[in-house]
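Here is the structure we will look at.
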Amino acid sequence: MDKKLAKMIRDVPDFPKEGIVFKDITTLLKEANGLRSSVDLLNEYFKDLKIDLIAGIESRGFIFGTPLAYNLGVGFIPIRKPGKLPAETFSQEYALEYGTDRIEMHKDAVREGQSVLIVDDLLATGGTAEAAAKLIENCGGKVAGFGFIIELTFLNGINKLKGYNVKSLIKY
Ligand code: AMP
């Protein structure tokens with residue numbers, strides 16, 4: 001648990017709806033060392049793994065995923081909300097508290113056997129992360145692990161990611 005980073009996160013109660021405490025990373029990003037320390041810590045953790053690609057989940061996963069890809073010297077692929085990617089996509093549905101949502105990835109983003117590290121800002125119920133892993137595995141890719149800045153441990157998202165290498169910098 002990184003206490004310095006934890007202090008940079010702002011809690012916004014009742015956003016986007018009543019009862020949810022939103023973990024706002026914009027306060028971390030505007031600190032001179034917020035982004036750098038976050039990326040350096042993930043880099044340190046994953047640098048010895050064999051990774052071919054970083055997959056960032058829209059949109060905050062892009063902010064942390066791209067500098068990590070740059071540092072590790074690997075490619076970056078975006079996993080996006082529906083209708084955003086221009087070429088042919090695979091789509092994966094996942095459950096929300098009420099209803100469902102989807103994420104998409106280009107069909108040619110991952111080649112058979114490639115090792116992919118998935119990055120997002122926050123692990124809550126794990127539905128989004130699990131869907132991202134399915135997209136990669138359906139293309140024949142291997143999930144090397146998951147990197148998060150924040151994990152809301154009381155939502156047990158980690159149970160959906162059993163058997164994977166998961167690193168979260170800040171745990172609540
Ligand atoms: P989940 O699929 O439940 O693990 O939700 C993870 C996704 O929803 C991530 O992309 C987060 O950015 C976002 N998210 C969920 N809960 C929160 C929260 N309390 N604060 C900020 N972002 C959240």
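Remember, it's 1-based here, ligands and their atoms both numbered in the order they're listed. Residue numbers count from 1 along this sequence.
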For atom 20 (N) of ligand 1, which of the options Lys23, Glu130, Lys160 provides the nearest non-hydrogen atom? Lys23
So, does Ala129 sit close enough to ligand 1 that a heavy atom of it is under 4.0 Å from the ligand? no
Flag if over 12 foreign heavy atoms under 6.0 Å of [atom1], [X]:
{"X": "Lys107", "atom1": "NZ", "answer": "yes"}
{"X": "Arg102", "atom1": "CZ", "answer": "yes"}
{"X": "Lys50", "atom1": "NZ", "answer": "yes"}

Atoms of ligand 1, numbered as shown, that sit under 4.0 Å from any heavy atom of [X]:
{"X": "Gly127", "value": "2 (O), 4 (O)"}
{"X": "Arg60", "value": "12 (O), 21 (C), 22 (N)"}
{"X": "Asp121", "value": "9 (C), 10 (O), 11 (C), 12 (O)"}
{"X": "Thr125", "value": "1 (P), 2 (O), 3 (O), 4 (O)"}
{"X": "Thr128", "value": "1 (P), 2 (O), 5 (O), 6 (C), 7 (C)"}

Ligand 1 versus Leu122, non-hydrogen atoms closer than 4.0 Å: side chain, backbone, both, neither? both
Taking both backbone and side-chain atoms of Gly126, is any N or O found less than 3.5 Å from an N or O belonging to ligand 1? yes
Are any of the N/O atoms on Ala124, whether in the backbone or the side chain, positioned under 3.5 angstrom from an N/O atom of ligand 1? yes
Please check atom 8 (O) of ligand 1 for a protein heavy-atom neighbour under 4.0 Å. no
Pairwise distance CD1(Ile25) to CG(Leu5) - rounded to 0.5 angstrom: 11.5 Å
